[in-house]
K.L.:
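Below you'll find the structure I mean.
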Amino acid sequence: MKIAVVILNWNGKKLLEQFLPSVVQNSPEATVFLADNASTDDSISFVTTHFPSVQIIKNEYNLGFAQGYNEALKNVDADIFALVNSDVEVTQNWLKPIMETFNNEPKTAIIQPKILDYKRKDYFEYAGAGGGFIDKFGYPFCRGRIFESIEKDHGQYNDSCEIFWASGACFFIRSSVYKELNGFDTDFFAHQEEIDLCWRAKNKNYTIKYNGLSTIYHVGGATLNEENPKKTFLNFRNSLFMLTKNLPKEKLIIIIIIRMLLDGIAGIRFLFQGKFAHLFAILKAHFHYYHLLNRNLKKRDLFQLNSYFQKNSIVFDFYIKKRHNF
């Protein structure tokens with residue numbers, strides 16, 4: 001099978017200088033693409049000068065993660081798309097276990113490798129860790145990461161297993177499935193669009209896997225860090241978008257109500273912490289959710305599965321029971 005490693009870039013020359021060499025060196029079986037979101041720095045000239053084998057795709061505007069990839073991938077001919085953040089270091093033979101899984105398992109549509117922290121290489125990284133799951137109220141979490149609690153890597157997730165969602169930091173998907181699902185939802189712009197895509201794949205009975213025999217290191221927050229209110233806005237808004245689109249009909253209203261109440265509690269917490277910009281980001285997220293409610297209801301598939309939620313509330317387990325490990 002033909003595999004394309006596609007790196008989305010926006011004014012990321014410094015990241016490309018640091019991380020692109022590992023991708024080019026360790027991906028001999030792949031064609032590497034740089035999908036540029038109308039950068040105003042000299043990212044493109046740097047890549048064309050120092051890495052002439054990397055193919056350049058130029059988006060006309062900064063389209064964000066979701067639409068940026070949707071537009072770029074129209075120009076990529078491959079059986080497997082490997083969507084890789086620009087702040088990712090890959091390891092030797094990282095593609096081999098992934099491609100073996102795709103070759104041996106026709107129903108497996110999406111795969112995530114083990115994602116470790118570039119700054120602390122013996123710890124998992126927030127965005128994906130050892131594979132993503134979802135709790136009874138639609139909160140995403142990972143093996144190796146529950147909210148802000150990060151596990152040390154002791155080899156406990158050096159396995160292969162089915163998961164609910166794969167991280168967009170390093171996201172492998174069959175091109176045929178990506179096209180069938182019409183790619184990422186561009187209303188998300190960035191954050192949680194990969195969980196939404198995985199949920200839609202699940203609803204069509206595709207399998208999503210984690211393969212711990214493939215390892216990458218991710219910086220995380222290189223484009224938008226946790227202290228940025230825009231990230232708070234996108235996470236809270238997009239979570240409601242995702243739930244509205246994909247929850248089974250019998251769970252939709254009650255879970256949306258519960259999530260909004262829990263969002264309110266999070267807002268009060270920000271208030272007492274003096275993080276007023278984050279409080280207003282939640283309010284803005286809710287108003288934007290209401291504004292696009294009808295549009296997201298129209299995006300619902302005819303069939304939503306009801307069998308892949310974890311039974312517990314990760315919020316209750318983490319904050320009340322003080323269970324911080326998967």
Side-chain angles (χ1 to χ4, degrees), residues 1-9 12-35 46-47 50-51 53-55 69 76 78-105 108 110-132 142-145 150-163 165-174 194 208-223 326:
M1 290 190 291
K2 292 168 60 179
I3 180 168
V5 174
V6 187
I7 300 169
L8 191 67
N9 173 69
K13 181 191 172 186
K14 289 184 178 179
L15 293 174
L16 294 171
E17 287 176 333
Q18 184 174 1
F19 295 106
L20 185 56
S22 78
V23 177
V24 173
Q25 179 180 345
N26 293 315
S27 310
E29 59 270 75
T31 303
V32 180
F33 291 81
L34 182 77
F46 165 75
V47 173
H50 296 281
F51 299 97
S53 65
V54 174
Q55 299 190 29
Y69 265 124
V76 178
D79 302 299
I80 304 296
F81 296 148
L83 312 184
V84 180
N85 279 13
S86 58
D87 58 348
V88 162
E89 178 184 85
V90 305
T91 58
Q92 190 174 14
N93 296 320
W94 70 298
L95 294 176
K96 185 177 179 181
I98 304 295
M99 297 307 292
E100 285 178 351
T101 303
F102 278 126
N103 277 313
N104 296 329
E105 301 178 13
T108 295
I110 298 169
I111 303 176
Q112 178 201 301
K114 180 197 285 189
I115 302 179
L116 298 178
D117 190 336
Y118 179 78
K119 298 172 185 175
R120 299 190 302 166
K121 291 193 171 181
D122 54 346
Y123 279 83
F124 286 93
E125 208 279 315
Y126 182 92
C142 307
R143 300 197 306 171
R145 188 271 294 173
I150 310 293
E151 291 182 37
K152 192 171 186 177
D153 177 25
H154 300 291
Q156 65 270 42
Y157 306 126
N158 287 356
D159 59 357
S160 177
C161 68
E162 187 169 348
I163 57 176
W165 60 271
S167 170
C170 188
F171 186 95
F172 292 83
I173 184 169
R174 293 184 189 274
E194 77 270 42
I208 300 166
K209 298 290 288 286
Y210 162 84
N211 192 319
L213 298 180
S214 173
T215 300
I216 61 106
Y217 298 96
H218 182 220
V219 174
T223 305
F326 180 84

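Only this structure's heavy atoms are used, side chains among them; waters, hydrogens and symmetry mates stay out. All residue numbers refer to positions in the sequence shown, counting from 1.
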K.L.:
Any non-hydrogen side-chain atom of Met99 less than 4.5 Å from a side-chain atom of Glu29?
P.N.:
no
K.L.:
Flag the pair Val23 / Val88 as yes when at least one side-chain heavy-atom distance between them is below 4.5 Å, and no otherwise.
P.N.:
no
K.L.:
Evaluate the side chain to side chain contact (heavy atoms under 4.5 Å, CB included) criterion for residues Ile80 and Ile173: first the C-alpha distance (whole Å), next the side-chain angles of each, then the deciding distance (0.1 Å), finally the verdict.
P.N.:
CA-CA 6 Å; Ile80 304 296; Ile173 184 169; over 6 Å; no
K.L.:
Between Arg174 and Met1, which heavy-atom pair has the shortest distance, and what is it?
P.N.:
NH1-SD, 3.9 Å
K.L.:
Excluding sequence neighbours, so at least two apart, what forms side-chain contact (heavy atoms from CB on, under 4.5 Å) with Gln18?
P.N.:
Tyr118
K.L.:
So how far is it from Asn26 CG to Ile216 CD1, rounded to the nearest 0.5 Å?
P.N.:
12.5 Å
K.L.:
Only counting residues at least two apart or in another chain, list the ones meeting side-chain contact (heavy atoms from CB on, under 4.5 Å) with Ala35.
P.N.:
Val6, Leu8, Ala72
K.L.:
To the nearest 0.5 Å, what is the distance between CZ (Arg120) and CD1 (Ile150)?
P.N.:
7.0 Å
K.L.:
Does the side chain of Tyr210 reach to within under 4.5 Å of the side chain of Arg143, using non-hydrogen atoms?
P.N.:
yes
K.L.:
Taking the six-membered ring of Phe326, is the NZ or CZ of Arg145 close enough (under 6.0 Å from the centre) and on axis enough (within 45°)?
P.N.:
no
K.L.:
Without swapping roles, check the side chain of Gln112 against the backbone of Ser167 for a donor-acceptor pair under 3.5 Å.
P.N.:
yes
K.L.:
Can you name the closest pair of heavy atoms from Trp94 and Val84 and give their distance?
P.N.:
CH2-CG2, 3.9 Å
K.L.:
Quick one: are the ring centres of Phe171 and Phe81 less than 6.0 Å apart?
P.N.:
no
K.L.:
Between the side chains of Gln156 and Glu151, does any donor sit under 3.5 Å from an acceptor?
P.N.:
yes
K.L.:
I'd like to know whether Phe33 forms a side chain to side chain contact (heavy atoms under 4.5 Å, CB included) with Val76, so could you lay out the CA-CA distance, the side-chain angles of the two residues, the decisive distance to 0.1 Å, and finally the verdict.
P.N.:
CA-CA 8 Å; Phe33 291 81; Val76 178; 3.9 Å; yes
K.L.:
From Ile3 CD1 over to Leu95 CG, what is the distance, rounded to the nearest 0.5 angstrom?
P.N.:
4.5 Å
K.L.:
What's the spacing between Cys170 SG and Leu83 CG if we round to 0.5 Å?
P.N.:
8.5 Å
K.L.:
Between Lys121 and Asp153, does any NZ, NE, NH1 or NH2 come within less than 4.0 Å of an OD or OE carboxylate oxygen?
P.N.:
no
K.L.:
Using only atom types and a distance under 3.5 Å, with no angle test, would you say the side chain of Ser22 pairs donor to acceptor with the backbone of Val90?
P.N.:
yes
K.L.:
Taking atom types as modelled, find out whether His218 and Asp117 have a side-chain donor-acceptor pair closer than 3.5 angstrom.
P.N.:
no
K.L.:
Quick check against the 3.5 Å criterion: does Thr108 have a side-chain atom that pairs as donor or acceptor with the backbone of Phe102?
P.N.:
no
K.L.:
How many angstroms lie between CG in Leu16 and CG in Leu34, if you round to the nearest 0.5 Å?
P.N.:
5.5 Å
K.L.:
Got Val219 and Phe19 here, is their nearest side-chain heavy-atom distance under 4.5 Å?
P.N.:
yes
K.L.:
Closest approach of Asn85 and Ile7, non-hydrogen atoms and distance?
P.N.:
C-CG2, 4.3 Å
K.L.:
Whether Lys114 and Asp159 form a salt bridge (side-chain N of Lys/Arg under 4.0 Å from carboxylate O of Asp/Glu) is what I want to check.
P.N.:
no
K.L.:
Do Ser86 and Asn9 have a side chain donor and acceptor closer than 3.5 Å?
P.N.:
no
K.L.:
Show the nearest heavy-atom pair for residues Pro21 and Phe51, with the distance to one decimal.
P.N.:
CG-CZ, 3.6 Å
K.L.:
In sequence, state the C-alpha distance, the side-chain angles, and the governing distance for Tyr126 and Cys142, and then conclude on side chain to side chain contact (heavy atoms under 4.5 Å, CB included).
P.N.:
CA-CA 8 Å; Tyr126 182 92; Cys142 307; over 6 Å; no
K.L.:
Salt-bridged, Asp122 to Lys152, with N to O below 4.0 Å?
P.N.:
yes
K.L.:
Please lay out, stage by stage, how Phe46 and Glu17 fare under the test side chain to side chain contact (heavy atoms under 4.5 Å, CB included).
P.N.:
CA-CA 8 Å; Phe46 165 75; Glu17 287 176 333; 3.4 Å; yes
K.L.:
Closest heavy-atom contact between Ala169 and Ala127?
P.N.:
CB-O, 4.2 Å
K.L.:
Can you measure from CD (Glu125) to NZ (Lys119) and round to the nearest 0.5 angstrom?
P.N.:
8.5 Å
K.L.:
Would you mind reporting whether Val24 and Val54 have side-chain heavy atoms less than 4.5 Å apart?
P.N.:
yes
K.L.:
Taking all non-hydrogen atoms of both residues, which atom of Phe124 and which atom of Gly130 are closest, and how far apart?
P.N.:
CD2-N, 3.9 Å
